[in-house]
Amino acid sequence: MSDTRPHSARRTMERLLRLQKVTSKLSQALTPEQVAHVIVQQAGPAMDAADCSIFLLEEPGVLRLVQLVGMSRRELEPWTCLTLDVPLPVTDAVRLGEPVWLESREAVLERYPAMSRLPLSHGRAWASLPLEVEVEGRVLGVLTLGFDRERGFAEEDRDFARLVARQCAQALERAHLYARERELREQAERARAEAEAHRRQVELEHLRLQAVLQQLPQAVILAEAPDGRLVMGNTQAARIHGESVPANWGKEEYTVARTGFHPDGRPYSPDEWPLVRALSRGELVRGEVMEVRRGDGSRYSLSVSAGPVRDAEGRVTAAVALMEDITERLRLEKSLRQGESVFRRIMESEMMGLAFTDRDGLIHEANEAFLSLVGYSREQMGRGALRWQVLVPPEGAEAGLRKQRELWSRGVVTAFEMELVRGDGSRVPVLTGAAQVEVEERESTLSFVLDMSDLKRAEGAVRFLATASRVLGQSLEVPDATLQHVACLASVSVASWCVIDLVTPEGGLRRAAAAHEDLERVPRLVRAWPTPAMNGSGGPLLEALRSGEPLLFQDFRAEAWRRVSPGFVPLEQVMEAGEVCSVMVVPLRSHERALGLVTLGACKPRRPHGPEDLSLGQELAHRLAAALESARLFLESQRAVQLRDEFLAVASHELKTPLTPLRLQLQGLKRVAEGLGGEPVPAERILRVVRGCESQVRKLAGLVNDLLDVAKLAQGRLPLHLEEVDLGAVAREVLEQLSAEVVRTGCWVELMDRERVVGRWDRLRLEQVVTNLLTNALKYGAGRPIHVHVRWADGVARLSVRDEGIGIAPEHRGRIFGKFERAVSERHYGGLGLGLHITWQIVSALGGTIAVESEVGHGSTFTVELPRDTADEGARAMLAEP
């Protein structure tokens with residue numbers, strides 16, 4: 001053992017020195033051939049091998065022998081180039097990526113019979129190690145070692161061999177990278193040299209071309225393909241564009257820096273420029289007219305021709321554009337065309353009426369707009385019947401003609417408003433003016449007239465709406481007198497007649513206002529214009545009320561009348577014989593709620609309503625609806641304040657009612673205790689007082705609980721706790737709890753629960769429902785019998801409580817389930833007015849319904865229907881309002 005350790009240490013040290021030497025030599029090798037030479041010269045001796053060879057994987061699937069030492073190349077001639085499918089140690093090392101260890105000649109021939117053709121010495125051992133790049137797992141080749149005797153490969157020997165192979169693989173990879181870098185550098189140098197030569201050639205050609213182009217009278221721009229880089233632009237191009245052409249611009253720059261326009265005003269897209277088309281599509285452009293905007297915003301017009309420059313193979317290598325500034329020529333042509341067409345355009349204009357008049361006021365030429373406005377034909381004008389003297393109203397003829405003559409003499413355009421008399425005798429407001437001109441060497445006056453009917457009508461509509469708003473805003477309430485005032489305003493300003501119908505609380509329509517510009521026809525209008533029943537089958541008025549969409553009858557005759565008012569007064573009783581009207585019906589709505597209808601009618605000579613007038617009707621309806629809604633909110637707020645005051649008074653009284661006897665009971669007990677001088681108070685006296693106090697406290701707690709329940713309901717957070725509940729049992733328990741109250745009121749209560757009624761409900765809330773209904777029956781039952789029925793009916797649980805008391809008037813039945821509502825005076829019947837409201841909310845939350853049937857003097861019947869299973873899984877918030 002003492003001899004083995006020093007020997008092993010020496011051997012390890014020797015191997016490390018050999019490995020260091022191999023690594024040092026490999027670091028100096030720069031090519032794969034040099035690396036392979038170092039490997040065979042240094043790696044073999046480092047591992048005591050008799051021969052060493054390197055196979056490199058120079059192409060996929062093929063190993064080639066590149067270096068050999070210890071054997072002659074002639075001996076390995078059949079294996080200098082191997083494919084990986086040949087069964088040899090070197091190919092297995094590549095395929096498997098693992099070393100192949102062969103310890104004897106017999107092991108070699110047994111595993112690889114093909115190697116029998118090699119001149120192997122007796123007892124020879126072999127090792128083939130893949131040269132693998134560890135990071136990428138890529139095999140570069142195989143290191144093959146041959147030993148002159150049989151030997152075993154200890155783990156230490158194998159590790160050393162793998163380490164040497166790894167160093168060799170790294171050196172090979174480094175050499176490959178260096179060779180690739182050198183190759184790329186050489187390619188770059190060659191490309192640079194070629195580019196420099198090409199640049200010098202292009203520069204020379206450019207100088208020659210520039211010398212030629214500078215002598216041309218046209219502006220010339222040359223661009224090279226494919227990016228459209230500008231090569232040059234001559235002095236004429238700089239003069240046209242107002243600046244030199246940047247030589248480094250490409251087509252992206254010069255198509256963005258300047259904006260081009262087609263003759264029709266369309267901007268050029270980047271691919272539409274003539275130079276770009278010649279470059280990209282090889283297109284030949286001849287004399288294309290375009291307008292270009294300079295950087296300072298000025299514009300100029302060009303005639304542009306462009307064509308491609310092709311090489312010997314027909315490829316477009318450049319493009320040239322020739323340009324001529326035609327701005328002035330086009331301006332002159334445009335002025336000429338404008339001068340030739342100005343008269344035609346003016347006379348064909350429909351924006352205003354135009355007429356030429358001589359010094360005597362005879363209109364000898366006019367456009368159609370003027371003739372249509374004044375109501376004369378061209379034939380009448382040709383006969384000399386159209387003169388300013390007949391167009392000016394008689395009462396202002398002298399002043400109007402004097403104004404016209406003054407304008408004619410001054411020869412300037414001055415506008416002023418006046419009325420003209422049309423051919424049919426009607427009048428039209430216009431804005432007019434005149435100026436002196438020469439027509440066919442004859443002095444004449446050009447007059448213009450603008451129809452101001454729409455403007456005057458719009459001004460009247462604005463004044464009407466402002467006045468109507470002022471009338472509606474004079475009071476917080478909107479009585480019928482106010483609506484009548486608005487209808488009268490409408491009938492004298494924007495319409496011939498006006499009708500306002502409002503929806504009543506009962507759901508019908510009532511006539512709130514009606515006005516006609518002819519006062520004698522108001523009664524007929526009130527009687528004849530229909531007010532359809534809300535429960536009717538339909539009709540245009542009812543459909544408009546329900547849909548919120550306005551109606552417009554531009555020609556309201558007998559057929560339209562029959563559609564609107566079947567069964568009502570005949571048309572002849574509303575309209576005069578031959579009278580033509582237009583009718584506009586606009587719904588009054590607020591928050592998707594129908595409030596009524598406002599109807600506006602226009603009869604000749606007033607202009608008929610058209611689609612443009614719907615905005616006026618809708619604006620009037622909007623202001624009326626806003627006023628009605630504001631009045632409703634004001635009344636509701638007043639009623640809410642009244643309810644609040646009544647509730648506070650009742651609540652104060654009801655809360656004090658149990659407190660007063662409670663205080664008296666306690667004061668009496670105190671006096672008794674003080675009067676006994678320290679003696680014990682009799683137990684029956686204390687018990688009687690306690691019972692009285694307990695009763696009053698229970699009443700007080702009930703009132704407080706009602707208030708708390710209402711607060712929870714208002715916040716939407718009154719929960720339900722569902723369980724199996726027997727409704728009959730609940731009724732019996734409540735009846736037993738109220739037995740003292742039953743005796744006090746003198747009523748007799750009959751409970752009929754012949755069948756078991758069980759469902760999934762909230763027991764405590766159900767007790768509250770039964771208690772409120774029974775308490776209500778006892779309060780208003782007038783000491784008469786009360787009948788309670790619990791049963792199943794039509795698949796639902798039904799609880800009915802019937803009394804024979806004072807009953808409820810029909811007008812109060814719709815609000816008894818409201819908060820703080822009551823059907824009788826609080827002076828005669830106590831309570832906060834919350835019991836039925838809480839009952840309605842609980843029943844609704846349980847998925848049921850509650851209804852009341854009553855007759856004054858004969859009692860009331862409250863019926864509650866509940867589903868067998870409340871469709872709720874826990875706390876269901878009760879937020880509904882009755």
Side-chain angles (χ1 to χ4, degrees), residues 460-461 463-534 539-542 544-545 548 550-553 556 561 564-565 568-569 573-575 581-590 593-603 606 609 613-635:
R463 286 194 299 271
F464 161 69
L465 290 174
T467 306
S469 298
R470 186 166 61 253
V471 170
L472 292 171
Q474 289 177 351
S475 173
L476 293 175
E477 299 181 9
V478 184
D480 287 357
T482 300
L483 297 178
Q484 182 63 34
H485 192 174
V486 172
C488 291
L489 287 173
S491 66
V492 297
S493 57
V494 296
S496 300
W497 52 271
C498 175
V499 171
I500 300 176
D501 297 319
L502 299 182
V503 176
T504 64
E506 294 76 22
L509 278 175
R510 71 175 183 86
R511 183 63 39 83
H516 199 292
E517 60 185 354
D518 184 355
L519 297 180
E520 295 181 356
R521 297 172 64 175
V522 173
R524 282 194 293 172
L525 178 65
V526 173
R527 183 176 66 255
W529 187 253
T531 52
M534 296 293 286
L541 298 183
L542 197 56
L545 182 63
L551 295 176
L552 177 62
F553 301 94
F556 194 77
W561 179 258
V564 171
S565 59
F568 280 79
V569 178
Q573 296 191 21
V574 181
M575 301 171 59
C581 283
S582 63
V583 176
M584 177 169 53
V585 182
V586 184
L588 302 175
R589 299 185 67 85
S590 176
R593 186 169 64 91
L595 301 179
L597 295 170
V598 57
T599 306
L600 298 172
C603 303
R606 190 181 294 274
H609 292 312
D613 297 304
L614 285 176
S615 58
L616 168 65
Q618 289 175 321
E619 181 61 26
L620 174 60
H622 172 72
R623 300 190 185 198
L624 284 172
L628 292 170
E629 186 68 10
S630 299
R632 183 185 66 82
L633 294 175
F634 172 71
L635 294 176

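Heavy-atom basis, side chains included; hydrogens, waters and symmetry copies ignored.
- Contact between A621 and V586 at its shortest, heavy atoms only, is CB-CG1, 3.5 Å.
- When atom types are taken as modelled, the side chain of R589 and the backbone of H622 share no donor-acceptor pair closer than 3.5 angstrom.
- How far CD of Q484 is from CZ of R511: 11.0 Å, rounded to the nearest 0.5 Å.
- Looking at every heavy atom in both residues, V494 comes nearest to H609 through O-CE1, 3.5 Å.
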**Message:** Apply disulfide bond (SG atoms under 2.5 Å apart) to residues C603 and C581 and explain how you reach the verdict.
**Reply:** CA-CA 4 Å; C603 303; C581 283; 1.9 Å; yes

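- Side-chain contact between V499 and D501 is present, with heavy atoms from C-beta onward closer than 4.5 Å.
- The shortest distance between side-chain heavy atoms of E619 and L614 does not fall below 4.5 Å.
- Using a cutoff of 4.0 Å between basic side-chain nitrogens and carboxylate oxygens, D518 and R524 are not scored as salt-bridged.
- Using a 4.5 Å heavy-atom threshold, the side chains of V583 and L600 count as separate.
- The CH2 atom of W497 sits 10.0 Å away from atom CZ of R521, with the distance rounded to the nearest 0.5 Å.
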**Request:** List the steps, then state whether side-chain contact (heavy atoms from CB on, under 4.5 Å) holds for D613 with L552.
**Result:** CA-CA 9 Å; D613 297 304; L552 177 62; over 6 Å; no

**Asked** Passes side-chain contact (heavy atoms from CB on, under 4.5 Å), L483 versus H485? Steps please.
**Response** CA-CA 5 Å; L483 297 178; H485 192 174; over 6 Å; no

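- By the 4.5 Å heavy-atom criterion applied to side chains, L509 and L502 are not counted as neighbours.
- The line from CG of L545 to CG of L597 is 5.0 Å long, rounded to the nearest 0.5 Å.
- Of all heavy-atom pairs spanning A514 and V522, the tightest one is O-CG1, 3.9 Å.
- Going from atom CG of L472 over to atom CG of L628 covers 8.0 Å, rounded to the nearest 0.5 Å.
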**Request:** Take L620 and V486 through the test side-chain contact (heavy atoms from CB on, under 4.5 Å) and record every step on the way to the result.
**Result:** CA-CA 10 Å; L620 174 60; V486 172; 4.1 Å; yes

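- Annotation: the span from L525 atom CG to C498 atom SG amounts to 9.0 Å, rounded to 0.5 Å.
- Counting heavy atoms from C-beta outward, Q618 and P550 have side chains that approach closer than 4.5 Å.
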**Item:** side-chain hydrogen bond (donor to acceptor under 3.5 Å, both in side chains) between S469 and R623, intermediate numbers included
**Value:** CA-CA 7 Å; S469 298; R623 300 190 185 198; 2.5 Å; yes

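- None of I500, V585, L551 except one satisfies the side-chain contact (heavy atoms from CB on, under 4.5 Å) rule with T599; the exception is V585.
- Across every non-hydrogen atom of G601 and A495, the tightest pair is O-CB, 3.4 Å.
- Counting heavy atoms from C-beta on, the side chains of E517 and S496 come closer than 4.5 Å.
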